[in-house]
A.B. asks: 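The structure follows.
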Amino acid sequence: MAGFVIVGAGECGARAAFALRDMGFGGTITLIGSETHLPYERPPLSKEALVAGAGPKFVAEAERYAQARIDLLLGRTVREIDRAGRRVLLGDGTAVPYDKLLLATGARPRALPGTAHGGRIAALRSHDDAARIREHLVEGSHIAILGGGFIGLELAASARKLGAAVTLLEGLPRVLTRGVPAEIAEIVASRHRAEGVDILCGAKVANVEDLPGEVRITLEDGRVVPASLLVVGIGAVPNTELAEAAGLAVENGIAVDGLLRTSDPDIFAAGDCTSYPLALYGDRRIRLESWRNAQEQGQLAAANMLGGTEAHAAVPWFWSDQYDMTLQIAGLADGAVTTVRREVGEGAFILFHLDAGGRLIAASGIGPGNAVARDIRLAEMLIAARIHPDPAELAAPQTKLKKLLAA
Ligand code: FAD
């Protein structure tokens, strides 16, 4: 028996490997990853671990892989999938045979056209990226961040905590355009400004010069931003090349069905690299870059590799921490026509988003610490239940969300 092979030793790949063992799989499990570290969590890289200068937060310690008889091949990159021969080929020519294969190759930072990451231009995806960026986060230094998405903003907050000056360049008229309502984005931007972050919206980069002592960013309107480091945070690109070269369907990610099977029934894909149809939103094909999704899909892929038939149905969920604020987003808000606001105390609130038919499709919350966590959890259940609530009831703080669920 050849066993199961997982390409990509990140959150998703590691969770899938353990899940296979936990579900009783007795064959060989080989987990192959390009990075030299044990699989680790990426969310802390822009948050507390960056501020603390901490080492990677591992998904599990080395002994647990040994106990679970998971063969870890780290610092090794799969270069080719030989579907006819049912094996993957590594960069050094080694061939690893498989009965079933899981692709959990994740995503990589999108590069600013015309620039390469290196020198004084960086991106933040890996622990090594974070360690390199942190060297510049000292009192008196000045970093420029291109992109007002979650990673750019979290990095800005961490940089301010460490005393670095921050200029954040966003090409669009506001930060967090993707997936966050303007009302919440405005609160986030104001807080950053109050913490001293210089946010320039509508900033289009014309030229970047990586000079010996500084990086110089020239904007289309002629403004020049000099910095000791430029961190490019303009989104991520799914790592689909292996799948594509093997002739698997790719559509904004490795295309899988609800069971996370690719167009080859012996090859599954999960996590950031994957696009999948979500029944809750009319089988619309989506790709998520979310920690919980990577975990859930890793576990589900494992179950379905073992013959399970469960479709991925989880409500998309994402969180972000900036200063003492936490944002949480459940569902997909882009079909919303009605939004109602519900106060949850401590200055926190949740925006509920309903579609044209009055169905609850998403909820976005912001507040200090865990203030929105409980209601967002309930909102997830309400979204999954496809309820059509009375907007006034949703907005009223005295309405128990649990009651709506029971109804
Ligand atoms: P990855 O974690 O990208 O792992 C894929 C692995 O596969 C990588 O190690 C890669 O090197 C390896 N690989 C790729 N190709 C090959 C190959 N050919 N051979 C061998 N190995 C290969 N999500 C949230 O929900 N909330 C957050 O607050 C949040 N914060 C984040 C902060 C940062 C800085 C980053 C980068 C991400 C954050 N995320 C957050 C997103 C979350 O971390 C990702 O969704 C999650 O890591 C995806 O897991 P994955 O296993 O699918 O992919």
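Order of listing sets the numbers, starting from 1, for every ligand and every atom in it. For clarity, every value in this text was computed on a predicted model and none was experimentally measured.
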A.B. asks: Glu154 near ligand 1, heavy-atom distance under 4.0 Å?
C.D. replies: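 For ligand 1, residue contact (heavy atoms, under 4.0 Å) with Glu154 is present.
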A.B. asks: Distance to 0.1 Å, residue and atom name: give those for the protein heavy atom nearest to atom 3 (O) of ligand 1.
C.D. replies: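 Among all protein heavy atoms, the one nearest atom 3 (O) of ligand 1 is Arg125 NH2, 2.7 Å.
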A.B. asks: Is it the side chain (CB and beyond), the backbone, both or neither of Val7 that lies under 4.0 Å from ligand 1, heavy atoms counted?
C.D. replies: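 The answer is the side chain of Val7.
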A.B. asks: Hydrogens and angles aside, do Trp291 and Asn293 bring a side-chain donor and acceptor to less than 3.5 Å of each other?
C.D. replies: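 Looking only at side-chain atoms, Asn293 and Trp291 do not form any donor-acceptor pair under 3.5 Å.
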A.B. asks: Does any pair with a residue in residues 168-187 pass salt bridge (Lys or Arg N to Asp or Glu O under 4.0 Å), and if so which ones, sequence neighbours excluded?
C.D. replies: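 Passing the test, one end in residues 168-187: Glu183-Arg341.
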A.B. asks: For atom 7 (O) of ligand 1, which protein heavy atom lies nearest, and how many Å away is it?
C.D. replies: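 So the nearest neighbour among protein heavy atoms is Gly8 CA, 3.1 Å.
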A.B. asks: May I ask you to list the atoms of ligand 1 that are less than 4.0 angstrom from any heavy atom of Leu124?
C.D. replies: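 Those atoms are 34 (C), 36 (C).
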A.B. asks: If you measure every N/O of Glu35 against every N/O of ligand 1, is any gap under 3.5 Å?
C.D. replies: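 It does: an N or O of Glu35 is found under 3.5 Å from an N or O of ligand 1.
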A.B. asks: Hey, does Glu41 sit under 4.0 Å from ligand 1 if you only count heavy atoms?
C.D. replies: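 No, Glu41 has no heavy atom closer than 4.0 Å to ligand 1.
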A.B. asks: For atom 39 (N) of ligand 1, state which one of Ala107, Pro43, Pro39, Ala16 supplies the nearest heavy atom.
C.D. replies: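 Considering heavy atoms of Ala107, Pro43, Pro39, Ala16, the nearest to atom 39 (N) of ligand 1 sits in Pro43.
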A.B. asks: How close do Ala104 and Cys12 get, heavy atom to heavy atom, and via which atoms?
C.D. replies: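 Taking every non-hydrogen atom into account, CB-SG, 4.0 Å.
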A.B. asks: Regarding ligand 1, does Trp317 bring an N or O atom to under 3.5 Å of one of the ligand's N or O atoms?
C.D. replies: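 There is no such contact.
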A.B. asks: Can you tell me the protein heavy atom closest to atom 35 (C) of ligand 1 and the distance?
C.D. replies: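 Ranking protein heavy atoms by distance from atom 35 (C) of ligand 1, first comes Ile151 CD1, 3.5 Å.
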A.B. asks: Quick test: of every protein heavy atom, which one is nearest to atom 16 (C) of ligand 1, and how far off is it to 0.1 Å?
C.D. replies: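 Closest protein heavy atom to atom 16 (C) of ligand 1: Ser34 OG, 3.7 Å.
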A.B. asks: Is a side-chain donor-acceptor pair under 3.5 Å present for Asp321 with Thr326?
C.D. replies: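 Present: a donor and an acceptor within the cut-off.
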A.B. asks: Kindly identify the option in Leu45, Leu50, Asp272 whose heavy atom sits closest to atom 45 (O) of ligand 1.
C.D. replies: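 Shortest heavy-atom distance from atom 45 (O) of ligand 1: Asp272.
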A.B. asks: Would you give the length of the straight line joining atom OG of Ser290 to atom CG of Asp272, rounded to the nearest 0.5 angstrom?
C.D. replies: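 Output value for this atom pair is 7.5 Å.
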A.B. asks: Where does the angle between the aromatic ring planes of Phe150 and Phe318 fall among parallel (under 30°), tilted (30 to 60°) and perpendicular (over 60°)?
C.D. replies: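 Tilted: the ring planes of Phe150 and Phe318 meet at 30° to 60°.
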A.B. asks: On a heavy-atom basis, I'd like to know which of Gly13, Pro238, Ala294 is closest to atom 49 (O) of ligand 1.
C.D. replies: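 Among Gly13, Pro238, Ala294, the closest heavy atom to atom 49 (O) of ligand 1 belongs to Ala294.
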A.B. asks: Using the side-chain contact (heavy atoms from CB on, under 4.5 Å) definition, which of the options Leu50, Val166, Leu168, Leu45 pairs with Leu155?
C.D. replies: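 The side-chain contact (heavy atoms from CB on, under 4.5 Å) with Leu155 is passed solely by Leu50 among Leu50, Val166, Leu168, Leu45.
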A.B. asks: Could you name the option among Leu327, Thr77, Thr105, Ile133 that has the heavy atom nearest to atom 10 (C) of ligand 1?
C.D. replies: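 Result: the heavy atom closest to atom 10 (C) of ligand 1 is in Thr105.
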A.B. asks: Which heavy atom of Val51 sits nearest a heavy atom of Arg134, and at what distance?
C.D. replies: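 Minimum heavy-atom separation between Val51 and Arg134: O-NH2, 2.7 Å.
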A.B. asks: Is it true that Asp128 and Ser126 share a donor-acceptor pair across their side chains at a distance under 3.5 Å?
C.D. replies: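 Short answer, no.
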A.B. asks: I'd like to check which ligand 1 atoms, numbered from 1 as shown, lie under 4.0 Å from a non-hydrogen atom of Arg76.
C.D. replies: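 Going through ligand 1 atom by atom, the ones under 4.0 Å from Arg76 are 20 (C).
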A.B. asks: Atoms of ligand 1 less than 4.0 Å from Gly271 heavy atoms?
C.D. replies: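 Taking each heavy atom of Gly271 in turn, ligand 1 has 52 (O) under 4.0 Å.
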A.B. asks: Whether the Thr339 and His353 side chains hold a donor-acceptor pair (N or O, under 3.5 Å, no angle test) is what I'd like checked.
C.D. replies: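 Checked: Thr339/His353 side chains pair up, N/O donor to acceptor below 3.5 Å.
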A.B. asks: Taking only heavy atoms of Leu242, which atoms of ligand 1 are found under 4.0 Å from at least one of them?
C.D. replies: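 Checking each atom against Leu242, I get 18 (N).
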A.B. asks: Is a salt bridge present between Arg261 and Asp257, judged by a nitrogen-to-oxygen distance below 4.0 Å?
C.D. replies: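 Here Arg261 pairs with Asp257 in a salt bridge, since their nearest N and O are under 4.0 Å apart.
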A.B. asks: Over 60° means perpendicular and under 30° means parallel, so classify the ring planes of His37 and Tyr40, tilted if in between.
C.D. replies: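 The rings of Tyr40 and His37 stand perpendicular, inter-plane angle above 60°.
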A.B. asks: Pick from Val256, Leu288, Ile286: which one makes a side-chain contact (heavy atoms from CB on, under 4.5 Å) with Thr274?
C.D. replies: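 Only one of Val256, Leu288, Ile286 forms a side-chain contact (heavy atoms from CB on, under 4.5 Å) with Thr274, namely Val256.
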A.B. asks: Out of Arg42, Arg292, Arg15, indicate the one that has the non-hydrogen atom closest to atom 4 (O) of ligand 1.
C.D. replies: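 Shortest heavy-atom distance from atom 4 (O) of ligand 1: Arg42.
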A.B. asks: Quick one: does Val78 get an N or O within less than 3.5 Å of an N or O on ligand 1?
C.D. replies: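 It does: an N or O of Val78 is found under 3.5 Å from an N or O of ligand 1.
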A.B. asks: Which option wins on minimum heavy-atom distance to atom 29 (C) of ligand 1: Lys47, His127, Gln322?
C.D. replies: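 The option holding the nearest heavy atom is Lys47.
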A.B. asks: With a 4.0 Å cut-off on heavy atoms, is Gln297 in contact with ligand 1?
C.D. replies: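 No heavy atom of Gln297 comes that close to ligand 1.
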A.B. asks: Using a 3.5 Å distance criterion without hydrogens, assess whether the side chain of Arg216 forms a donor-acceptor pair with backbone atoms of Asp210.
C.D. replies: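 No; judged by distance alone, with no hydrogens or angles, the pair does not exist.
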A.B. asks: With side-chain contact (heavy atoms from CB on, under 4.5 Å) as the test, would you mind laying out the steps for Leu230 and Ile143 before giving the verdict?
C.D. replies: CA-CA 6 Å; Leu230 167 65; Ile143 65 157; over 6 Å; no
A.B. asks: Under 4.0 Å from a heavy atom of Gly33: give me the atoms of ligand 1 that qualify, with their elements.
C.D. replies: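 Going through ligand 1 atom by atom, the ones under 4.0 Å from Gly33 are 20 (C), 21 (N).
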A.B. asks: Return the closest protein heavy atom for atom 41 (C) of ligand 1 as residue, atom name and distance.
C.D. replies: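 Going by distance alone, atom 41 (C) of ligand 1 is nearest to Glu289 O, 4.1 Å.
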A.B. asks: Counting non-hydrogen protein atoms only, what is the nearest one to atom 24 (C) of ligand 1? Give residue, atom name and distance.
C.D. replies: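 Of the protein heavy atoms, Phe318 CE1, 3.3 Å lies nearest.
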A.B. asks: I need the minimum non-hydrogen distance between Ile121 and Arg132, along with the two atoms involved.
C.D. replies: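 Where Ile121 meets Arg132 most closely, the heavy atoms are O-NH2, 3.1 Å.
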A.B. asks: Is there at least one pair of N or O atoms, one from Ser46 and one from ligand 1, spaced under 3.5 Å apart?
C.D. replies: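 No: no nitrogen or oxygen of Ser46 is under 3.5 Å from one in ligand 1.
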A.B. asks: Please could you name the atoms of ligand 1 that Ser290 approaches to less than 4.0 Å, counting only its heavy atoms?
C.D. replies: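 Once the distances to Ser290 are compared, the set is 23 (N), 25 (O), 45 (O).
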A.B. asks: Of the backbone atoms (N, CA, C, O) and the side-chain heavy atoms from C-beta on, which set of Cys12 has a member under 4.0 Å from an atom of ligand 1: side chain, backbone, both, or neither?
C.D. replies: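 Both parts.
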A.B. asks: Give the contacting part of Trp319 toward ligand 1: side chain, backbone, both or neither, where contact means a heavy-atom distance below 4.0 Å.
C.D. replies: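 Both of them.
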A.B. asks: Short list, please: which atoms of ligand 1 are under 4.0 Å from a heavy atom of Gly106?
C.D. replies: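 Answer, ordered by atom number: 1 (P), 3 (O), 5 (C), 53 (O).
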A.B. asks: Near Ile32, which atoms of ligand 1 are under 4.0 Å from a heavy atom of that residue?
C.D. replies: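 Atoms satisfying the 4.0 Å criterion: 20 (C), 21 (N).
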A.B. asks: Distance to 0.1 Å, residue and atom name: give those for the protein heavy atom nearest to atom 23 (N) of ligand 1.
C.D. replies: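 The closest heavy atom on the protein side is Trp291 N, 3.3 Å.
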A.B. asks: Report the distance from atom CG of Leu89 to atom CG of Leu242, rounding to the nearest 0.5 Å.
C.D. replies: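 Here the interatomic distance stands at 10.0 Å.
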A.B. asks: Do Phe4 and Phe25 have ring centres separated by under 6.0 Å?
C.D. replies: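 When the ring centroids of Phe4 and Phe25 are compared, they turn out to be within the sub-6.0 Å range.
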